[in-house]
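Working notes, structure below.
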Amino acid sequence: MQFSSSKSKFLRTINTSLHHPHSTAVNKRAAEQTCLALLQSCDSIPKLTQLHTHILKLGLHNNPLVLTKFTSTSSDLNSIHYASSLLFASDDANTSLYDAFLFNTVIRAYAQTSSQSKHSAFCYYKFMLQSGVLPNKFTYPFVLKACAGLGSLNLGKQVHGSVLKIGFDTDLHVQNTMVHMYCCCGGGLEFARTLFDEMPKPDSVSWSAMIGGYARLGMSINAVGLFREMQISGVRPDEITMVSVLSACTDLGALELGKWLESYIDKAKVHKSLELCNALINMFAKCGDVDKALNLFRDTSERTIVSWTSVIVGMAMHGRGSEAVTLFEEMRETGTAPDDVAFIGLLSACSHSGLVEEGWYYFNSMTKDFGIIPKIEHYGCMVDLLSRAGLIKEALEFVQKMPIEPNPIIWRALIIACRVHGELKLGESITKQLIRNEPMHESNYVLLSNIYAKMFHWEKKTVIREVMEKKGMRKIPGSTMIELDNEIYEFVAGDKTHNQYKEIYQMVDEMGREMKRAGYLPTTSEVLLDIDEEDKEDALNRHSEKLAIAFALLKTPPGTPIRIVKNLRVCADCHSATKFISKIYNREIVVRDRNRFHHFSNGICSCKDFW
DNA sequence: ATAGGGTTAG
């Protein structure tokens, strides 16, 4: 309903009411009805203020029916503030009129806001208890949702205590939100799991809440594991469960699992909601089959900005920047307005493909043509774009001119570029400054150490190692994941937990010999430890990536492509080694690292040694 | 009038 057209109708109702003072009862009722209808379409403060004037004139300001409608239909935060203050107006407030429904409406409205105002939901809940109004079984899901949104374990626990006291702890909906709340609050996950395990009859919502909890925290193996348990339990997964599992699968980069999930969705006839389709597209894009993602995308009739962003980012990760640009243009032509996230994807695509001119064009176009104010992420993309292209001076100038404070991520992009392009002095000074600002971030020390290695300042490198040791910092362990025969294997450097580790290490040694024969030189400057060169070589050979590749060479037939997923950026030595391995063993090797995909084939990598 | 989901730079 258009506000302007219904407004005249509303005014007519008011006029009728005013001109027939003796039949006000009937007309008041009509006015109330019109008012309720009007509230449906109310979404801004000026409209509300206008409406409020009429509400006052008609004496409807004390009508809870009108006001609860008011609250529950507005999505705008100010409208919620306004309506709830009317509902609980202090002047003529008669607290005996307050009931649970009234409170629930306001609590729900605040719980659904996207901002910190979720705290108001909790405040109104407190107010409800103080007013002596007993919460009902609908109150708790709202309050718990607000706690989940705030991520406050403290508030959550308070509410939990109250649930136990009042006794809604057996209600399935309350239990499910409780699990969800603990999953969303830092440090609450284990307790969520305890509650979940104690549930007498978890339904698909309970399983989804728990699986989603693991997925959000990056505990993807646990998420997938719990999904397997769910299948055993016999509860049918729905599309929301599948979105969560796919999200975990995407995080793992487990293409085989992803393919299996796709066929499972078809077999089990899970409803393919828009979000599920997007999750599938995203999964294929990020698990290394971007063409499949594109096919799914083309087959989907309803595309949202999310679907477009997924394929654009997918192309970016595979270094197919110009295709990302083409997709972006196609999106514009088909009338989907890009948002800030789409621009991050597009700019990173330009950055990973060296499209400097295009990057500049879109960075400027973002504000000029779409009115999107660049955020730190967009500036980060531009610094990365210029840095990767070796335009260090321009990058530095760009950083100095930025209207917002550069963050450590931006400085690190610049430092890496300095190292790669030989601007070692500049790199050193920026890194030192960064360490002063961020003394406990271990990767800063690793950067400085690598710069010193390139400058041949070994004694300074040793000092860094000592400083790190004194501060009790350790390098984040690199790990590599590989899927074989429906099983996910994870390797860390020097890993000996695998039951075939002896054969794997033999294979690693053999690989090393073959690579040397083919002309490979170990990049020992990547090793942070202060050990002799031979041990450094040994340390490099035990990198998780090499272990995983050795394992794959052992376990798969000749010629089979190898896919691995790293948790960090691939190190220079592994990058060089993998090129040799792809040629020597005639294997296509696809590596997903923290940022992007590397397709190694016949001694060449698709990233053109630029990552 | 009640619960659970997706995209984002390095």
Side-chain angles (χ1 to χ4, degrees), chain A residues 68-69 71-72 100-105 107-108 111 136-145 148 168 171-181 183-184 202-213 215-216 237-248 250 273-283 285-286 304-314 316-317 338-352 374-385 387-388 407-417 443 447 568-569 593-596 611:
Chain A
T68 47
K69 189 81 189 171
T71 316
S72 63
F101 177 64
L102 202 65
F103 279 104
N104 287 355
T105 314
I107 293 170
R108 182 178 69 155
N136 62 20
K137 64 171 179 174
F138 298 114
T139 314
Y140 285 106
F142 296 140
V143 183
L144 288 168
K145 194 177 173 185
F168 286 115
D171 182 279
L172 187 59
H173 292 123
V174 174
Q175 285 178 349
N176 285 341
T177 349
M178 195 72 78
V179 169
H180 176 238
M181 180 277 291
C183 281
C184 290
D203 66 355
S204 71
V205 177
S206 333
W207 285 95
S208 298
M210 200 60 227
I211 292 170
R216 266 194 308 279
D238 63 13
E239 70 267 28
I240 291 169
T241 323
M242 296 318 293
V243 169
S244 284
V245 182
L246 278 169
S247 161
T250 306
S273 64
L274 179 65
E275 290 82 359
L276 183 50
C277 290
N278 283 344
L280 279 167
I281 291 168
N282 190 42
M283 181 275 293
K286 295 228 171 86
T304 65
I305 185 69
V306 174
S307 349
W308 285 101
T309 305
S310 286
V311 280
I312 289 171
V313 170
M317 287 180 77
D339 62 2
D340 55 335
V341 181
F343 271 104
I344 292 173
L346 179 65
L347 292 176
S348 82
C350 294
S351 161
H352 281 286
K375 293 203 283 196
I376 190 84
E377 289 86 350
H378 301 100
Y379 288 102
C381 286
M382 288 307 288
V383 174
D384 196 47
L385 172 79
S387 299
R388 280 173 196 276
N407 60 11
I409 295 161
I410 287 179
W411 290 122
R412 279 194 280 272
L414 205 50
I415 292 164
I416 291 170
S443 75
L447 283 175
L568 306 172
R569 265 163 62 118
D593 75 3
R594 198 168 184 81
N595 301 329
R596 57 165 297 151
W611 71 96

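The chains referred to below are lettered A, B, ... by the order of the sequence lines, with proteins before strands, and numbering in each begins at 1. Quick caveat: nothing in here was measured; it's all calculated off a predicted structure.
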Nucleotide [N], atom [atom2] - distance to [atom1] of [X] in whole Å:
| X | N | atom1 | atom2 | answer |
| --- | --- | --- | --- | --- |
| A:E377 | B:dA9 | CD | P | 9 Å |
| A:I211 | B:dG6 | CD1 | C1' | 16 Å |
| A:I281 | B:dG6 | CD1 | P | 16 Å |
| A:D203 | B:dT2 | CG | C1' | 13 Å |
| A:L347 | B:dT7 | CG | C1' | 15 Å |
| A:L276 | B:dT7 | CG | P | 13 Å |
| A:M181 | B:dG4 | CE | P | 13 Å |
| A:H173 | B:dT2 | NE2 | P | 10 Å |

Q) A:R216 side chain N/O closer than 4.0 Å to the phosphate oxygens (OP1, OP2) of B:dG5? A)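 Yes, A:R216 has a side-chain N/O under 4.0 Å of OP1/OP2 on B:dG5.
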
**Q.** Distance below 4.0 Å between A:H180 side-chain N/O and B:dG4 OP1 or OP2
**A.**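 Checking A:H180 against B:dG4: at least one side-chain N or O falls below 4.0 Å of OP1 or OP2.
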
Of the listed nucleotides ([options]), which one gets closest to any side-chain atom of [X]?
| X | options | answer |
| --- | --- | --- |
| A:N176 | B:dA9, B:dA3, B:dT2 | B:dA3 |
| A:R108 | B:dG6, B:dT2, B:dG4 | B:dT2 |
| A:P141 | B:dT7, B:dA9, B:dT2 | B:dT2 |

Q | Those residues that, when tested against A:R569, pass side chain to side chain donor-acceptor pair (under 3.5 Å) (two or more places apart) | A |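 Partners of A:R569 by the side chain to side chain donor-acceptor pair (under 3.5 Å) criterion come out as none, since no residue qualifies.
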
Side-chain donor/acceptor of [X] to base of [N], under 3.5 Å:
| X | N | result |
| --- | --- | --- |
| A:S244 | B:dG4 | no |
| A:S310 | B:dG6 | no |
| A:E275 | B:dG6 | no |

Q) Between A:S348 and A:A316, what is the shortest heavy-atom contact and its length? A)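 Looking at all heavy atoms of both residues, the shortest contact is OG-CB, 3.8 Å.
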
**Q.** Nearest atoms (heavy-atom pairs only) where A:M210 meets A:V179
**A.**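 For A:M210 versus A:V179, the nearest heavy atoms are SD-CG1, 3.8 Å.
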
Q. So what does A:S204 hit on the nucleic acid, given a heavy-atom distance under 4.0 Å: a base, only sugar-phosphate, or nothing?
A.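 Base, at least one base atom sits under 4.0 Å.
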
Q. Hey, does A:S206 reach any base, or is it just sugar-phosphate, or nothing, if we go heavy atoms under 4.0 Å?
A.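 No contact.
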
Q. Is there a donor-acceptor pair closer than 3.5 Å between any side-chain N or O of A:S310 and the backbone N or O of A:V306?
A.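 Confirmed, A:S310 side chain pairs with A:V306 backbone.
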
All N/O donor-acceptor pairs, side-chain side in residues 374-383 of chain A, below 3.5 Å, sequence neighbours left out:
unit_1 : atom_1 : unit_2 : atom_2 : d
A:K375 : NZ     : A:D340 : OD2    : 3.0
A:H378 : ND1    : A:K375 : N      : 2.9
A:H378 : NE2    : A:D340 : O      : 2.8

